[in-house]
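Note sheet for the following structure.
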There are 2 protein chains.
Amino acid sequence: MDKIYIVGVGMTKIGRFYERSGRELFVEALSKAIDDAGGLKPKALVVGNMTSSVLMEQDSLGALLADYGGLRGVPAFKVEAACGSGGAAFYAGYSLVKSGLADVVAVGGLEKLTENLTSAVTKALAQAADAEYELFYGVSFTGLNAMIARLYMNKFNYTREDLAYWALRMHEYASYNPYAQLPRKTTLEAILKSPVVADPLHLFDCSPIGDGAAVAILVRGEERAREIAKAMGRDVLVEVKGVALATDSVDLGSRNNLLALESTIKASREAYKMAGIRAKDIDYVEVHDAFHITGYLALEDMGFAPKGEAPKLWKEGRFGKGDKPEVNFSGGLKARGHPVGATGVYQIVEATMQLRGDFPGYKASDPEIAATQNIGGVGTYTTVTVLKRT
Amino acid sequence: MDKIYIVGVGMTKIGRFYERSGRELFVEALSKAIDDAGGLKPKALVVGNMTSSVLMEQDSLGALLADYGGLRGVPAFKVEAACGSGGAAFYAGYSLVKSGLADVVAVGGLEKLTENLTSAVTKALAQAADAEYELFYGVSFTGLNAMIARLYMNKFNYTREDLAYWALRMHEYASYNPYAQLPRKTTLEAILKSPVVADPLHLFDCSPIGDGAAVAILVRGEERAREIAKAMGRDVLVEVKGVALATDSVDLGSRNNLLALESTIKASREAYKMAGIRAKDIDYVEVHDAFHITGYLALEDMGFAPKGEAPKLWKEGRFGKGDKPEVNFSGGLKARGHPVGATGVYQIVEATMQLRGDFPGYKASDPEIAATQNIGGVGTYTTVTVLKRT
């Protein structure tokens, strides 16, 4: 059975790029990834994106970005799975390589949000929720996450301050990341005093709106991956050992459990099984902290902390440098930024670079196994990947 | 190498369903497909859809439809490739089965258009074009196809009447199809006298706006497919012999050739090669006639007619009952209807039923090999499938 490798990665800085179109951002990331793969030309393109239809008035994004990226003619399509679009695109792209339909596949993520009014972006992002059973009643996406956070705080006896340490550390890490949207440290006081967005979530508990694009290039076969790595002067390969996508209801009202993301539990179990590992084998992980609460839930639901204890362990300093796993040294969605449909691909690019040892920001402690967790909606989708340095 | 089979199909009638939501339509099609597969439960769902983000204010469609269809938890995502979303979803779904990521995959298509204002639908469909280089200037999607039609008429010396025979025959076929949106015959006079939409395209040269959903269930392995067929009292299997997706530029201004769809030429060649067949081996085909011009281009670009001659051959009666290939006995997009992102799946469902001999409308002459061609944009995407009765 041919193994699948990530042989090239590229990403743009995340920010507010009023002067650059979505296709320009994507071509920057794709070109970097192709260069990073020694000039290897992808034979197919899968693009993760959530809001191009609504905010860019653009469908046909897959073909459009293939064409602008110099790949006219290749199989291409867009995958939408809300904020989990990037992870789902990776799942689809992995499948194309594995199935033999294409032997070199670029998986990209793009989101262009900031040139729209905040009200338009808020509405577009709310479409991750159920239009008929949630959105219709006026709840925003942040509001739904706020309800989960409140429930979690009540159930496990946490205060706002207990949870605020997430953002503190993300800003610290992001300050080292040249691709981060908010590369600056903050203080506990600033987090606590930041304005309310949807109680109990304050501004600094939430990820920012940003534009960005990221691309990872997958190939089949160890020999080919080794040739590319050698040509690029890299002495390690990054193999995709596991990838799984799981779903849950869109609306929260019909969930079995609001204190855990069942899609994350399912996807992580399946990805670990496929990779032949257990949670304790993972050295490094990038989790989807669109809000502090989703970061904590990820740590619990992926098997790194007992239910209800992630914030306590986090506050005590766990999951930092030298611990296992080390978490979100990119700065996370919270401070690296969250270009929605691109986020899942950013995580994979970052984890790949951490495994190769060339991530340009805060460096993990020589990890051998890394994982990423990308969610869409309030855990409506979760894609978990397991990557291994070989 | 395990072979891939279509073991269950289902679809809704296409129409204006003001009283039924998109999820209801989809569940009807999915339930029918599951029943048709002897109750087999899909382990993954890929949904082709173009406009849910804009017209239904709903993202997360993959998980939403999985959940409402009784498949909560399975891997699911939406594929968008404009009007070619259904075909691209099939390509992705085939890949999931072939790769081994899932052994039973439902590929669905859904579109819910008609409860919106026509102006909103026209704008949503125009997003298949390039937002920055075409749409910005106010051209509609029909307008772009009209320009191609005009160029084709000028180049190959055809009149409006020469091209009008497409619609005439589609309405004839649709009159037998219980799933068709416009199941009624028409006359050449009615077609020619119908109001102008975008010159030279008149109303009856264009496909209607409609709601509908269709689902096909794929499995890996001949033994399993045979067990299902046997349990359902069917003595034939339908194997997916070839599937290919190709793209072209979104904007027409940068095309190499406006008189042919290069994505269709490329996808059909690749799908035939994968299936080990040639165009002349195909007995039955469903092509994407969103406008008469795209129907004629499909026949030429798939290798069934020399360039510039499809309308002439069509007018002479070719491609009808007893010819090879027989074309669009469903009534085509023109009269069966065009629920955009579902259309590619409708074609596959119809071709499967023609191969099995249980299509409830106008019946093909005992075909052994069938093909479908689904385009997105003005040939920005083409997916071609080759199905074989075994």
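Every chain is numbered from 1 and lettered A, B, ... according to where its sequence line falls, protein lines coming before strand lines. Scope of the values below: all heavy atoms of this structure, side chains included, with no hydrogens, waters or symmetry mates. All of these numbers come straight from a predicted model, not from anything done at the bench.
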Q: Sort out for me which of A:Glu262, A:Met274, A:Lys78 touches chain B most, counting heavy-atom pairs under 4.5 Å.
A: A:Lys78
Q) Do you know which of A:Ala81, A:Ala82, A:Ala66, A:Ser53 has the most heavy-atom pairs under 4.5 Å to chain B? A) A:Ser53
Q: Can you tell which part of B:Tyr94 gets under 4.5 Å to a heavy atom of chain A, answering side chain, backbone, both or neither?
A: side chain
Q | Verdict with supporting geometry, A:Asp130 and B:Leu64, side chain to side chain contact (heavy atoms under 4.5 Å, CB included) | A | CA-CA 8 Å; A:Asp130 189 311; B:Leu64 183 90; 3.4 Å; yes
(Q) At a 4.5 Å cut-off on heavy atoms, which part of A:Asp59 comes close to chain B: side chain, backbone, both, or neither? (A) both
Q) Where does A:Tyr381 contact chain B at under 4.5 Å (heavy atoms): side chain, backbone, both or neither? A) side chain
**Q.** Electrostatic pair B:Lys123-A:Glu57, nearest N-O below 4.0 angstrom
**A.** yes
Q. Would you say B:Asn256 and A:Arg72 make side-chain contact, with heavy atoms under 4.5 Å?
A. yes
**Q.** Heavy-atom pairs under 4.5 Å with chain A, option from B:Cys83, B:Ala124, B:Ala76, B:Ala89 with the top count
**A.** B:Ala76
Q: Pick one of side chain, backbone, both or neither for A:Ala102, based on which atoms fall under 4.5 Å of a heavy atom in chain B.
A: neither
Q) Checking A:Met56 against chain B: side chain, backbone, both or neither under 4.5 Å from a heavy atom? A) backbone
Q: Heavy-atom distances under 4.5 Å only: say whether A:Glu132 touches chain B with side chain, backbone, both or neither.
A: both
Q: Apply side chain to side chain contact (heavy atoms under 4.5 Å, CB included) to B:Tyr91 and A:Leu96, showing your working.
A: CA-CA 9 Å; B:Tyr91 181 80; A:Leu96 291 184; 3.6 Å; yes
Q. Quick one: what part of B:Ala129 sits under 4.5 Å from any heavy atom of chain A, side chain, backbone, both or neither?
A. backbone
Q) Would you say A:Gln58's side chain and B:Ala131's backbone share a donor-acceptor pair under 3.5 angstrom? A) yes
Q. With a 4.5 angstrom heavy-atom cut-off, which part of A:Ser249 approaches chain B: side chain, backbone, both or neither?
A. both
Q) Okay, side chain of A:Ser95, backbone of B:Ser95: is any donor-acceptor separation there less than 3.5 Å? A) yes
Q | Backbone of A:Ala128 reached by a side-chain donor or acceptor of B:Ser60 within 3.5 Å | A | yes
